[in-house]
Amino acid sequence: MKLWADKLTDHLRGTLLPAYLVSGEEPLQLNESVDAIRAAARARGYTERQVFHADTAFDWNQLLAASESLSLFSERQLLELRLAGSGPGDAGAKAIAAYMASPSPDNLLLITCGKLDKRQQQSAWVKAVDGGGAVLQIWPVEPAALPGWVQRRAVGAGMRLTAEAARLLAERVEGNLLAAAQEIEKLRLLHGEGAQLDFAEVGEAVADSARFDLFQAVDTALGGDGARCVRMLSGLRGEGVDPILVLWAFAREIRSLAAMSGELTGSGAVDGILSKYRVWDKRKRSVRAALLRHPKPGRWLNMLRRAGRIDRMIKGSEPGNVWDELVQLALVVAGVRIIYP
């Protein structure tokens with residue numbers, strides 16, 4: 001069966017399933033989900049725990065042997081299997097499928113791994129766990145949903161934040177749920193349970209813990225949100241990211257979009273072009289928006305020329321402020337009108 005992170009607590013109040021697969025790349029939600037499953041297992045008598053790190057040298061017979069052996073210290077045992085990356089390989093896939101074909105009632109199997117792509121979600125070993133247990137995929141909280149997540153987290157900590165306060169905290173910690181959880185805990189310690197906090201109180205207490213991913217910044221510019229992209233670039237600069245990496249990410253995308261727009265002029269079939277260039281489903285919306293915003297190849301070529309100038313600034317062969325120029329380039333991608341010299 002499929003499980004969702006916000007429904008996990010209710011599920012764990014009932015009968016536990018023989019196996020759980022928890023996958024994803026968002027550490028706070030993944031770790032809290034795994035901890036909740038462990039706690040529910042302990043409460044049901046799975047007091048012995050064996051942990052297996054399934055790297056390339058792992059002997060999968062260990063898992064099968066553990067599943068068949070009786071616990072030495074308790075009636076039930078938790079078998080925790082940590083996959084390297086997001087897949088077990090051929091031998092591991094067969095071992096997991098074999099385990100799920102006849103799971104022991106005295107064992108509970110907990111598998112953790114990275115993000116599963118669409119092909120992996122359809123693999124036999126994932127289907128085997130889904131058929132006899134539960135699959136929980138952890139997804140990052142989207143920026144638009146983050147203020148609501150913050151408010152619910154605060155309520156769980158015994159506090160209430162105004163909508164404006166939640167938006168402020170979400171902006172300060174964007175991209176880092178662990179930082180959000182830490183800031184909410186800090187607010188609880190400062191103000192106590194039952195506190196109702198407004199914008200000013202949160203602003204005084206919360207540090208700017210935002211962490212911005214480079215490729216998210218590029219996609220944000222493609223999507224047309226110039227203000228947020230500028231904030232993300234400021235975060236990257238504050239984290240010490242080398243500007244040449246930022247330029248590389250933008251130039252790579254601009255070059256690809258220049259080629260796409262050349263074909264768009266002739267055919268007008270945006271979906272077909274996105275498929276041809278193998279744009280990921282999650283990125284199609286922002287890439288489509290950028291193509292429609294700048295439909296002529298000449299615009300993208302002008303941006304490439306600007307990128308070339310920034311490259312010369314980085315190398316010291318042309319004067320200028322590199323980060324200011326990167327911000328201007330991102331704003332142009334986002335559709336902001338800037339007059340270049």
Under a 3.5 Å distance rule, please check whether [X] uses its side chain to pair with a backbone N or O of [Y] as donor and acceptor.
{"X": "Q29", "Y": "W139", "value": "yes"}
{"X": "H294", "Y": "V332", "value": "yes"}
{"X": "E201", "Y": "D198", "value": "yes"}
{"X": "D130", "Y": "V126", "value": "no"}
{"X": "T220", "Y": "C229", "value": "no"}
{"X": "R293", "Y": "V333", "value": "yes"}

* Asked: With a 4.0 Å cut-off, would you call D90 and K94 a salt bridge?
  ->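 Result for this pair is no, no salt bridge flagged.
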* Using a strict 4.0 Å threshold on nitrogen-to-oxygen distance, state whether R288 and D271 make a salt bridge. =>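 Result for this pair is yes, salt bridge flagged.
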* Between N302 and R299, is any side-chain donor less than 3.5 angstrom from a side-chain acceptor? ->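 There is no such pair between these side chains.
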* Report the distance from atom CG of L301 to atom CG of L257, rounding to the nearest 0.5 Å. =>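 The CG atom of L301 sits 11.5 Å away from the CG atom of L257.
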* To do: Check whether any side-chain heavy atom of Y20 sits under 4.5 Å from a side-chain heavy atom of H11, and report yes or no.
  =>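 Counting from C-beta outward, Y20 and H11 do come under 4.5 Å.
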* Flag yes if more than 12 heavy atoms outside I244 fall under 6.0 Å of its CD1 atom; otherwise flag no. =>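 At most 12 heavy atoms, drawn from other residues, nucleotides or ligands, come within 6.0 Å of this atom.
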* Asked: Does a sphere of radius 6.0 Å around NZ in K186 hold more than 12 heavy atoms from other residues, nucleotides or ligands, not counting ones at 6.0 Å or beyond?
  ->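 Yes.
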Can you give me every donor-acceptor pair (side chain of residues 152-162, partner residue at least two apart or in another chain, under 3.5 Å) with its distance?
unit_1, atom_1, unit_2, atom_2, d
R152, NH1, G148, O, 3.4
R153, NH1, E32, OE1, 2.9
R153, NH1, E32, OE2, 3.2
R153, NH2, E32, OE2, 2.6
T162, OG1, A165, N, 3.1

* Asked: Excluding sequence neighbours, so at least two apart, what forms side chain to side chain contact (heavy atoms under 4.5 Å, CB included) with V230?
  ->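 Checked V230 against side chain to side chain contact (heavy atoms under 4.5 Å, CB included); matches are V327, L331.
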Taking all atoms of both residues into account, what is the closest heavy-atom pair of [X] and [Y], and its distance?
{"X": "R44", "Y": "L12", "answer": "NH2-O, 2.7 Å"}
{"X": "W125", "Y": "L116", "answer": "CZ2-CD2, 4.2 Å"}
{"X": "L110", "Y": "V34", "answer": "CD2-CG1, 3.8 Å"}
{"X": "D219", "Y": "S286", "answer": "O-CB, 3.6 Å"}

